[in-house]
Protein chains: 2
Amino acid sequence: MNAGKTARDRARAELTAEIKDEARRQLASSGADGLSLRAVARALGMVSSAIYRYYPSREELLTALIVDAYRALGAAATAADQRLPDKDLRGRWQAVCHSVRDWARANRHEYALIYGSPVPGYQAPEVTIVEAQKVPLIMVRVLRAAWAEGTLRPTRDSAVLSDGLAEQCRTLAEAIAPELPPEVLARAIVAWTQLFGMISFELFGQLVGSVDPSDEFFTYAVDVLADLVGMPS
Amino acid sequence: MNAGKTARDRARAELTAEIKDEARRQLASSGADGLSLRAVARALGMVSSAIYRYYPSREELLTALIVDAYRALGAAATAADQRLPDKDLRGRWQAVCHSVRDWARANRHEYALIYGSPVPGYQAPEVTIVEAQKVPLIMVRVLRAAWAEGTLRPTRDSAVLSDGLAEQCRTLAEAIAPELPPEVLARAIVAWTQLFGMISFELFGQLVGSVDPSDEFFTYAVDVLADLVGMPS
DNA sequence: TCTCATCACAGAGCACCGCTCTCGAATCGG
DNA sequence: CCGATTCGAGAGCGGTGCTCTGTGATGAGA
């Protein structure tokens, strides 16, 4: 893939990657706040102004790290899903949820970077939005499989969708899962927000004093969620 | 309350408050990252080093703002709960949930400060932990009222508590609600994490492209949650 | 009321940050 | 081989948190 490129081009691609790698290392050890272009430059033995030849600003570097983080998380979830037999729907659902948590715990600062408080004034470019949809899409994929099988259980409680919400869910369904009724999608979104809510609470220290360590609580909650969306047991 | 204090003491208390107020103003407009001691000092017409007589570091100022934010949120939730008749349990539950969201939307940066990614290396002092428990305690209070009435509905799905989780819930119950069985408390924690998960997703922009605006979704989800914890309808 | 310790504040300064500009050297395409 | 482009180094700007020092105001005890 580097064939036909000049030495300069190859050097540029390599350095761009090295800068990002070093930045990721610093992100992992000191968080997004502690990531400094000057420190990255220092670690790479170059002068700080040289970095700007590769990333025009600190924000662009962070964006690159954000995209990578979403990709890595999506890959982890996909792998977890595919590791189980297609027919084991509830198992797949649970595996996906657990893989997200495992990745988040293993990459706390990268998780915080993408699911923590956004930097004020930061406008997420299109590509990050696309990557961010990966995990929910995998969750929907499992749901679709269950729906296709006809084993997805109907909802059992009193909450009903308002007209506007049903409309939003139908619009969403058109884009990602045309056959799913709005009720199913609405519950999927509940499950989605719940999943990340738990993980954020655990990682951000809100669970200290209640269910910390939270392994068993997480397993339990994932089970509750599986029931909520109607996953067959 | 200032009686018996010297002029110096009163001036000190006043300035301490003024600094915090100005800091809160800056927090509201530019977020925690943008809060600068120097800017606060400038706005107050003093030199930056003078601030350190009142707050020994930026972190201490942030801690003061964090405590205030927890207090304000707790107060909002309490007020929402008390605004409804004691007997309207489901209404109280929903009102508390909505009040949290409303407060968060009206004070985005303060919400991000307390429920977003924590500053790396930041150790929450005891007082913030106490204040942080206010909202979940109010939720538990409504639950206890329903339990006392005998109208709390039993759980209806397949998820069962593991031994360790049941033990954690019992320990927690001893501290805050001795009569509640672990199953109820476990579900309350699910609801708690779900509530803040939704709000964070909404405020941090993760809902863009699915259910944004999310008013109706939130109302729906709160209803689902009420069912989940067994709130009578 | 005088005295002396304590306190508040201004200012200078340190080390860091993101970012810009300039300049000479290396590299490239024609 | 030559002109154009790219690159790295360095200096510099304005900002940050924080420390230190000197000076004047304030307060409590004699």
Side-chain angles (χ1 to χ4, degrees), chain A residues 2-20 22-23 25-27 29-66 109 113 118-123, chain B residues 2-20 22-23 25-27 29-66 109 113 118-123:
Chain A
N2 273 340
K5 299 287 188 171
T6 72
R8 207 188 248 165
D9 284 346
R10 261 176 289 131
R12 182 176 183 82
E14 238 170 71
L15 248 179
T16 307
E18 267 178 52
I19 291 171
K20 196 169 67 179
E22 177 59 31
R25 238 166 283 141
Q26 298 202 5
L27 170 68
S29 71
S30 20
D33 273 353
L35 198 166
S36 129
L37 286 192
R38 288 178 115 111
V40 171
R42 231 175 291 129
L44 263 44
M46 47 170 71
V47 97
S48 73
S49 60
I51 296 277
Y52 292 85
R53 298 262 175 212
Y54 302 88
Y55 293 93
S57 74
R58 194 186 111 106
E59 203 176 277
E60 300 261 352
L61 218 196
L62 276 179
T63 300
L65 292 176
I66 288 173
H109 287 121
L113 183 63
V119 183
Y122 177 78
Q123 258 303 324
Chain B
N2 273 341
K5 299 286 190 169
T6 72
R8 192 130 76 181
D9 285 346
R10 262 177 288 128
R12 182 177 182 81
E14 238 169 72
L15 248 179
T16 307
E18 268 178 51
I19 291 172
K20 196 169 68 177
E22 176 58 31
R25 240 167 280 142
Q26 297 203 5
L27 171 67
S29 71
S30 21
D33 273 353
L35 197 166
S36 130
L37 286 193
R38 289 179 113 109
V40 171
R42 233 175 290 131
L44 263 45
M46 47 169 70
V47 96
S48 71
S49 60
I51 297 277
Y52 291 87
R53 297 262 169 206
Y54 302 89
Y55 292 94
S57 72
R58 194 187 111 104
E59 204 175 275
E60 300 261 353
L61 218 197
L62 276 178
T63 299
L65 293 176
I66 288 173
H109 287 122
L113 183 63
V119 181
Y122 177 79
Q123 258 305 322

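Since we're looking at a predicted model, the values are computed, not measured. All heavy atoms count here, side chains included; hydrogens, waters and symmetry mates do not.
At the heavy-atom level, Ala11(B) lies nowhere under 4.0 Å from the strands shown. Nucleic acid contact class of Tyr55(A) (heavy atoms, under 4.0 Å, all strands): none. Leu15(B) comes within contact range of the sugar-phosphate backbone alone, with a heavy-atom separation under 4.0 Å but no base atom that close. Using a 4.0 Å heavy-atom cutoff across all strands shown, Leu35(A) reaches sugar-phosphate atoms only and no base atom. Base engagement by Ser48(B) is indicated by at least one non-hydrogen atom pair under 4.0 Å involving a base atom.
Here dT20(C) presents its C1' atom at 15 Å from CD1 of Ile51(A), a figure rounded to the nearest Å. In this structure, the CG atom of Asp33(A) is 13 Å from the P atom of dG17(D), given to the nearest Å. Going from atom CZ of Arg58(A) over to atom P of dG15(D) covers 18 Å, rounded to whole Å. Atom CZ in Arg42(A) sits about 15 Å away from atom P in dG10(D), given to the nearest Å. Leu37(A) has its CG atom 9 Å from the P atom of dC17(C), to the nearest Å. dA8(C) atom P lies 11 Å from atom CE of Met46(B), rounded to whole Å.
The nucleotide whose nearest atom lies closest to any side-chain atom of Tyr52(A) is, among dG29(C), dT16(D), dG18(C), dG18(C). With dG11(C), dG17(D), dG8(D) as the choices, the nucleotide that has an atom nearest any side-chain atom of Ser36(B) turns out to be dG17(D). Closest approach to the Arg53(A) side chain among dC18(D), dC23(C), dA26(C) is made by dC23(C) (side chain taken as heavy atoms from C-beta onward). With distances taken from any side-chain atom of Ser49(A) to the nucleotides dC7(D), dA10(C), dG10(D), the minimum falls on dG10(D).
Rounded to the nearest 0.5 Å, atoms OG (Ser36(B)) and CZ (Arg58(B)) are 8.0 Å apart.
For a distance-only test at 3.5 Å, the side chain of Arg38(B) fails to qualify as a donor-acceptor partner of the base of dG15(D).
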